[in-house]
Amino acid sequence: MTMQASETRLLTRLREAVGASHVLTSPRATLRYRRGYRSGSGPAIAVVRPGNLVELWQVAQACVAADVSIIMQASNTGLTGGSTPDGADYPGGLVIISTTRLSALRVIRQGEQVLCLPGTTLHSLEQALRPYGREPHSVIGSSCLGASVVGGVCNNSGGSLVRRGPAYTQMALYGQVMPDGSLRLVNHLGIALGDKPETILARLDAGEFTEADIAPAGDCWAHDHSYVSHVRDIDSDTPARFNADPRCLFEAAGSAGKLIVLAVRLDTFARDDNTATFYIGTNRPDVLTDLRRAMLRDFAMPPIAGEYMHRTAFDIADHYGRDTFVAIEKLGTDRLPALFAAKARVDALLGAGRSDRMMQWASRFLPDHLPARMRDFRERFAHHLILKVSQDQVADTRTLLSRLLPGGGEAGEETGEHFECSAQEAAKAFLHRFVAAGAAVRYRAVHRKDVEDIVALDIALPRNNRAWVEHLPEALEAQTIHKLYYGHFFCQVFHQDYIVKKGTDPLAYEHALWALLDQRGAQYPAEHNVGHLYVARPSLADFYRSIDPRNQLNPGIGHTPRTRHWAETTSHGAPHP
């Protein structure tokens with residue numbers, strides 16, 4: 001059978017499974033699925049949008065039988081291009097399976113756990129849990145505002161909440177492509193749904209199970225139970241969390257698209273309503289180091305959150321994230337998915353980056369959105385920390401901050417200062433921090449004549465690290481327009497975005513950064529997974545081989561081979577130093 005005939009037959013099967021309107025083939029219709037949020041793009045035979053789990057299973061069966069490469073995609077909000085094509089050299093051609101229509105979720109066990117399908121968004125899960133006084137592992141986070149729950153698990157995403165660690169579960173339902181080209185369904189949800197794949201999936205689609213069918217978790221973890229003690233080991237010479245950490249690689253967890261994940265079972269967490277937020281500014285990084293070590297060592301529990309932001313990141317978020325900030329503040333997160341979809345349609349119609357330039361122009365007419373005290377700290381201090389604690393930690397936090405940051409006069413200018421936020425100031429401070437990553441993308445779109453690209457790293461420094469502030473060599477500094485540093489300070493996980501000048505080789509620039517990070521004992525990526533930007537470390541590549549032995553799902557991530565059965569070829573990128 002010719003390639004064209006094979007594709008025609010596959011498209012026929014896909015249309016039979018999901019309906020012709022949900023099999024997209026034109027370049028314009030598929031563009032938003034084929035282009036990454038920050039990087040990566042390539043052609044695809046089709047983008048398929050199944051509407052239930054049975055349809056997803058039939059689509060997967062058709063793709064596996066046709067021996068095409070498969071990319072599973074949820075919200076397409078990843079920062080390393082792992083859920084979009086990267087080039088055109090995929091064995092058999094490529095089909096993208098979009099799970100955005102599979103957004104159902106079910107709250108189980110009186111709200112203490114949830115069952116999420118592949119397209120369930122973090123936003124919808126937060127909403128569903130509010131009546132129970134519970135929260136998911138992550139709340140709206142630092143990188144994007146439309147992220148999927150399953151995507152977080154597959155990428156071991158971390159987020160801002162110190163006590164919860166990386167997204168993790170040992171309880172999942174997934175399809176696995178076997179070496180002989182067969183597709184098997186594995187049910188480790190702990191829910192009795194039957195034995196045959198179609199029966200299991202149809203019952204899950206229809207919600208045809210009761211609490212009596214749900215077994216207790218037992219020895220299976222539905223979150224990382226050990227993280228609180230793990231992150232508090234402040235003298236360890238290894239990072240607290242990173243994507244290649246074998247302790248958090250288990251079936252769906254960390255799978256990065258190498259399994260067809262159909263559902264995950266996750267723990268939820270009691271919502272912290274009675275909290276206090278402190279805003280800290282200093283020009284001495286060692287003061288923040290002492291604060292971090294003291295709280296992790298001496299307090300009964302870590303703080304709820306500790307989000308760091310350097311002054312430059314503050315400024316870029318202020319200027320290039322203002323409209324996003326105002327949209328979230330005024331409209332809430334409920335309308336964000338529709339706004340992102342509209343933005344993608346504008347770019348598909350008018351060209352990449354056009355929507356960003358339009359919104360940036362309009363943002364000039366928005367009023368100042370930040371509190372006066374934050375503005376004052378921005379003028380006086382280079383390093384900013386937003387610290388949220390539970391009510392039982394407030395008194396001890398005040399005492400510690402008064403000792404480390406006495407404030408007032410020369411002492412305040414020397415060591416730094418802090419203030420206790422009002423509810424409005426706290427909300428604005430965290431929201432300002434969370435629009436930083438998108439602001440870098442906006443800067444690139446607006447200044448495309450001056451900017452070659454964004455080199456985006458997320459790194460994890462050892463827990464015993466004290467020298468967390470980076471100092472670039474002069475040669476790299478000369479190629480840089482802006483360096484944006486922000487991150488999850490108590491986990492020692494930092495997002496570092498380098499906006500590099502026109503004419504700079506981004507790949508060479510990034511490899512030079514890797515060498516510097518290796519000297520500092522860093523692990524990377526920390527929580528966004530390797531995608532097509534990073535080289536998978538041996539432990540992570542071995543994990544991928546074990547769960548996708550045929551290498552048919554998301555082949556090539558982490559600069560691994562794209563060939564079937566992992567046959568070695570010339571790497572897509574330079575090997576890890």
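Computed from a predicted model, the values in this text were never measured in an experiment.
Under the 3.5 Å distance criterion, with hydrogens and angles disregarded, a donor-acceptor pair is assigned to the side chains of T480 and Y509. Side-chain N/O atoms of S390 and R163 include a donor and acceptor closer than 3.5 Å. For the residue pair R134/T268, the side-chain donor-acceptor check at 3.5 Å is satisfied. Of the N and O atoms on the side chains of E329 and H369, not one donor lies less than 3.5 Å from an acceptor on the other residue. Checking S229 against S226 by side-chain atom types alone, no donor-acceptor pair falls below 3.5 Å. Neither side chain, Y534 nor N243, offers a donor N or O lying under 3.5 Å from an acceptor on the other. Side-chain contact check for Y485 and H383: no donor-acceptor pair (N or O, by modelled atom type) lies under 3.5 Å. Side-chain atoms of S138 and R164 include no donor-acceptor pair closer than 3.5 Å. Between the side chains of W221 and T169, no donor-acceptor pair is found at a separation under 3.5 Å.
Under the 3.5 Å distance criterion, the side-chain polar atoms of R375 are left unmatched by any main-chain donor or acceptor of L370. Using a distance-only test at 3.5 Å, with no hydrogens or angles considered, no donor-acceptor pair links the side chain of N155 to the main chain of N529. K258 contributes no side-chain N or O that, together with a main-chain N or O of I557, makes up a donor-acceptor pair within less than 3.5 Å. The main-chain N or O of H319 is found under 3.5 Å from a side-chain atom of Q360 such that the two form a donor-acceptor pair.
Pairing each heavy atom of V261 with each of S255, the nearest pair is CG2-OG, 4.1 Å. When all heavy atoms of A276 and E420 are compared, the closest pair comes out as CB-OE2, 4.0 Å. Closest approach of Q73 and T84 over heavy atoms only: NE2-CG2, 3.5 Å. Closest of all the heavy-atom pairs between A439 and A317 is CB-CA, 3.8 Å. What you find for H559 and L533 is that their closest heavy atoms are NE2-O, 3.6 Å. Residues V493 and A460 share a closest heavy-atom pair of CG2-CB, 4.2 Å.
Annotation: the span from E510 atom CD to L476 atom CG amounts to 12.0 Å, rounded to 0.5 Å. Rounding to the nearest 0.5 Å places CG of L461 at 12.0 Å from OG1 of T238.
Outside the 6.0 Å centre-distance limit, the rings of H384 and H310 are not counted as a close aromatic pair.
Figure legend: R537 and Y524 shown as a cation-pi pair, the cationic atom lying under 6.0 angstrom from the six-membered ring centre and within 45 degrees of its axis. By the 6.0 Å and 45° rule, K388 stacks over the aromatic ring of F430.
Summarising the local packing, CD of E477 is surrounded by more than 12 heavy atoms from other residues, nucleotides or ligands at distances under 6.0 Å.
Using cut-offs of 30° and 60° for the angle between ring planes, the H495 and H528 rings count as parallel. Between F489 and F494, the ring planes lie perpendicular to each other; the angle is over 60°, past the 30° to 60° tilted range. Relative ring orientation between F381 and F377 is described as perpendicular, the plane-to-plane angle rising above 60° on a 0-90° scale split at 30° and 60°.
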- Test log, rule ring pair (Phe, Tyr, Trp, His ring centres under 6.0 Å), inputs H418 and Y279: CA-CA 5 Å; H418 70 279; Y279 197 96; over 10 Å; no
- Let me see the working for T121 and S124 under side chain to side chain donor-acceptor pair (under 3.5 Å), right down to the final yes or no. CA-CA 5 Å; T121 63; S124 62; 3.0 Å; yes
- From CA spacing to verdict: side chain to side chain donor-acceptor pair (under 3.5 Å), D497, Y486: CA-CA 9 Å; D497 297 342; Y486 51 98; 2.6 Å; yes
- Would you sort out whether R35 and S41 count as a side chain to side chain donor-acceptor pair (under 3.5 Å), showing the intermediate values? CA-CA 4 Å; R35 176 180 291 157; S41 64; 5.5 Å; no
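The residue from Q492, R297, R466 that alone fulfils the side chain to side chain contact (heavy atoms under 4.5 Å, CB included) condition with R292 is Q492. In summary, of the residues considered (D286, L401, L405), a side chain to side chain contact (heavy atoms under 4.5 Å, CB included) with L291 occurs for L401 alone.
D315 meets the side-chain contact (heavy atoms from CB on, under 4.5 Å) test with R311, R378; sequence neighbours excluded.
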